[in-house]
Chemist: 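This is the structure I want to talk about, given as structure tokens.
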Amino acid sequence: MRRVHAAGAVLALAAMALSACGNDLSALKLTMASGVEKGVYNRLSMALADAWTEQLGIEHPQVVSTNGSVDNLGRLRTGQANVGFSQADAAEEAAGTPGQHKLYALARMHDDYLQVVVRADLKVNRLADLKGLRVSIGSSTSGVRLIADRLLKSAGISPDADLRVQHLDLNDASAAMLAGNLDAFIWSGGLPTAQVTQLAQSVKVTMLDLSDVLTKLRADFPVYGSAELPASAYNLPGQDEPITTLVVRNFLLVTDAMSDDAAEALVRGLIEAQPRLEAASLAARSIEIRSAIETTPIPLHPGALRYYRDVKV
């Protein structure tokens, strides 16, 4: 995969890509903003790109690795990408700010679980115990950073004053903890996240229960939900019971630059490709046609809405 740097060229590509109409999608060209390499967004994007190529007869979409939701949203709204993943909270915030393009959803995908991963040899039982430790709260243009800032504020923790804070993406945070240079990191992703699974095979880690801070956070930000993170997700030594944590929905997004016919075709292909997506990441187990329409506060693209009405959802 290679990153897109020439914004002008990409904007021209986007204009050409999204003018496809009718049943002929051979001219459709897509650039997908996918998140960190080997993360859930990235794995699903690669599988979806393959499926769309086979189903629709289009040129294989370019899958671009990014820093996550906030980065993806910026690329979508400036035309540097025309399909991208985002957490609902980041999308809600972006939709309320001026931008070149309006955001639309193709579908609700999977739910992300907030995971506060801590070295098991530290005496950390709740979020407040992180004070004074080396903690990564996500890269600056990630949805992880947004949710981490909100979570810590609800717990009365200032990242700059109370933590030895670092801004690392998931891959770098895992590597830093493996090297002994990081005590904890905050991550929001599907279950299981491959990098966390791999890290736990080399470093003894635990997950923090967040039940003591969720009430205030959810009162301030209703976009979030709560759920139990099952012990079976990672089978961590000494952690045999589920923990309570935060969940946030994930959307597959486009903009008003995409035609109704193209959006309808992409959604149909997405739903048909669900088994293939699940093979790429178990997070895709939850993708199904009835929950796919639950994209509030981001409206469904008119083409996506047409598809869901046609199949009588």
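This one's a predicted model, so the numbers in the text were calculated from it and none came from an experiment.
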Chemist: Cluster question for you: counting only ILVMFWY and a side-chain heavy-atom cut-off of under 4.5 Å, with indirect links fine, are Phe251 and Val223 together?
Modeler: no

Chemist: Side-chain donor-acceptor pair under 3.5 Å between Asp209 and Ser211, yes or no?
Modeler: yes

Chemist: By the salt bridge (Lys or Arg N to Asp or Glu O under 4.0 Å) test, which pairs, at least two apart or in different chains, include something from residues 233-254?
Modeler: none

Chemist: Would you name the heavy atoms of Leu127 and Val213 that are closest together and state the gap between them?
Modeler: CD2-CG2, 4.4 Å

Chemist: Applying a strict under-4.5 Å side-chain criterion to I, L, V, M, F, W and Y, I'd like to know whether Tyr104 and Leu25 cluster together.
Modeler: yes

Chemist: Return the minimal non-hydrogen interatomic distance between Tyr308 and Leu300, and the atom names on each side.
Modeler: CE1-CD2, 3.9 Å

Chemist: If you compare all heavy atoms of Ser202 against all heavy atoms of Leu178, which two are closest, and at what distance to 0.1 Å?
Modeler: CB-CD1, 3.6 Å

Chemist: Between Asp169 and Arg145, is there a salt bridge with N-O shorter than 4.0 Å?
Modeler: no

Chemist: Any side-chain donor paired with an acceptor under 3.5 Å for Tyr224 and Asp89?
Modeler: yes

Chemist: How close do Met258 and Asn82 get, counting heavy atoms only, and between which atoms?
Modeler: CE-O, 4.0 Å

Chemist: If you measure from OG on Ser139 to CG on Leu168, what distance do you get to the nearest 0.5 Å?
Modeler: 8.5 Å

Chemist: Output the distance between atom CG (Asp71) and atom OG (Ser142), rounded to the nearest 0.5 Å.
Modeler: 9.0 Å

Chemist: Where the side chain of Thr66 meets the backbone of Gly35, is there a donor-acceptor pair that is under 3.5 Å apart?
Modeler: yes

Chemist: Rounded to the nearest 0.5 Å, what separates atom CD1 in Ile298 from atom CG in Leu106?
Modeler: 12.0 Å

Chemist: Do you see a donor-acceptor pair shorter than 3.5 Å between the side chains of Glu37 and Asn171?
Modeler: no

Chemist: Is there side-chain contact between Gln195 and Lys38, with heavy atoms separated by less than 4.5 Å?
Modeler: yes

Chemist: Which atoms form the tightest heavy-atom contact between Tyr41 and Ser34, and what is the distance?
Modeler: CB-O, 2.6 Å

Chemist: Can a side-chain donor-acceptor contact be found between Thr78 and Gln80 if the only test is distance below 3.5 angstrom?
Modeler: yes

Chemist: Enter the distance from Leu253:CG to Leu73:CG here, rounded to the nearest 0.5 Å.
Modeler: 6.5 Å

Chemist: Please examine the side chains of Ser174 and Phe185, heavy atoms only from C-beta on, and report whether any two atoms are closer than 4.5 Å.
Modeler: yes

Chemist: Quick one: pull up OG in Ser86 and CG in Asn72 and give me the separation to the nearest 0.5 Å.
Modeler: 7.0 Å

Chemist: Would you find a donor on one side and an acceptor on the other, under 3.5 Å apart, between the side chain of Thr245 and the backbone of Leu114?
Modeler: yes

Chemist: Are the charged groups of Lys29 and Glu59 less than 4.0 angstrom apart, N to O?
Modeler: yes

Chemist: Pick from Val40, Val63, Val83: which one makes a side chain to side chain contact (heavy atoms under 4.5 Å, CB included) with Ser45?
Modeler: Val63

Chemist: Would you say Gln55's side chain and Thr53's backbone share a donor-acceptor pair under 3.5 angstrom?
Modeler: no

Chemist: Any chain of hydrophobic side-chain contacts (each under 4.5 Å) joining Leu170 to Met46?
Modeler: no

Chemist: Would Leu217 end up clustered with Leu208 when hydrophobic side chains under 4.5 Å apart are linked, directly or stepwise?
Modeler: yes

Chemist: Is Ile289 close to Tyr307 at the side-chain level, that is, under 4.5 Å between some pair of heavy atoms?
Modeler: yes

Chemist: Might you point out which heavy atoms bring Leu163 and Leu130 nearest each other, and give the distance in Å?
Modeler: CD2-O, 3.3 Å

Chemist: Can you find a heavy atom in the side chain of Val205 that is under 4.5 Å from one in the side chain of Met177?
Modeler: yes

Chemist: Please list all pairs passing the salt bridge (Lys or Arg N to Asp or Glu O under 4.0 Å) test where one or both residues lie in residues 104-117, with sequence neighbours left out.
Modeler: Arg108-Asp111, Arg108-Glu294

Chemist: So how far is it from Gln198 CD to Thr193 OG1, rounded to the nearest 0.5 Å?
Modeler: 10.5 Å

Chemist: State, with a plain yes or no, whether a side-chain heavy atom of Lys102 is found less than 4.5 Å away from one of Thr255.
Modeler: no

Chemist: With a 4.5 Å limit on heavy-atom distance, are the side chains of Asp310 and Glu264 in contact?
Modeler: yes

Chemist: Determine, stepwise, if the pair Gln115 / Leu191 fulfils side chain to side chain contact (heavy atoms under 4.5 Å, CB included).
Modeler: CA-CA 10 Å; Gln115 301 165 52; Leu191 293 180; 3.7 Å; yes

Chemist: Looking at Gly180, is its backbone amide N or carbonyl O close enough to the side chain of Arg119 to form a donor-acceptor pair, meaning the two atoms are under 3.5 Å apart?
Modeler: no

Chemist: When you measure from the side chain of Trp52 to the backbone of Leu266, do you find a donor-acceptor pair of N or O atoms at a distance under 3.5 Å?
Modeler: yes

Chemist: Would a 4.5 Å heavy-atom cut-off, applied to side chains only, mark Leu246 and Leu214 as touching?
Modeler: yes

Chemist: Using only atom types and a distance under 3.5 Å, with no angle test, would you say the side chain of Arg77 pairs donor to acceptor with the backbone of Ala94?
Modeler: yes

Chemist: What orientation do Phe85 and His110 show, parallel under 30°, tilted 30 to 60°, or perpendicular over 60°?
Modeler: tilted

Chemist: Taking Arg218 for the side chain and Thr215 for the main chain, is one N or O donor matched with an acceptor at less than 3.5 Å?
Modeler: no

Chemist: Ignoring hydrogens and geometry beyond distance, is a side-chain donor-acceptor pair present between Gln239 and Tyr234 at under 3.5 Å?
Modeler: no

Chemist: Distance only, no hydrogens: is a donor on one side chain within 3.5 Å (strictly under) of an acceptor on the other, for Gln87 and Ser188?
Modeler: yes

Chemist: Side chains of Asp260 and His301: closer than 4.5 Å at any heavy-atom pair?
Modeler: yes

Chemist: When you measure from the side chain of Gln274 to the backbone of Ala284, do you find a donor-acceptor pair of N or O atoms at a distance under 3.5 Å?
Modeler: yes

Chemist: Using modelled atom types only, decide if a donor and an acceptor are shared between the side chain of Asp183 and the backbone of Arg134 within a distance under 3.5 Å.
Modeler: yes

Chemist: Answer yes or no: is there a donor N or O on one side and an acceptor on the other, between the side chain of Glu228 and the main chain of Pro230, under 3.5 Å?
Modeler: no

Chemist: Side-chain donor-acceptor pair under 3.5 Å between Arg75 and Thr31, yes or no?
Modeler: no

Chemist: Are Leu252 and Val247 joined in one hydrophobic group, where the rule is that I, L, V, M, F, W and Y side chains link up if heavy atoms are under 4.5 Å apart?
Modeler: no

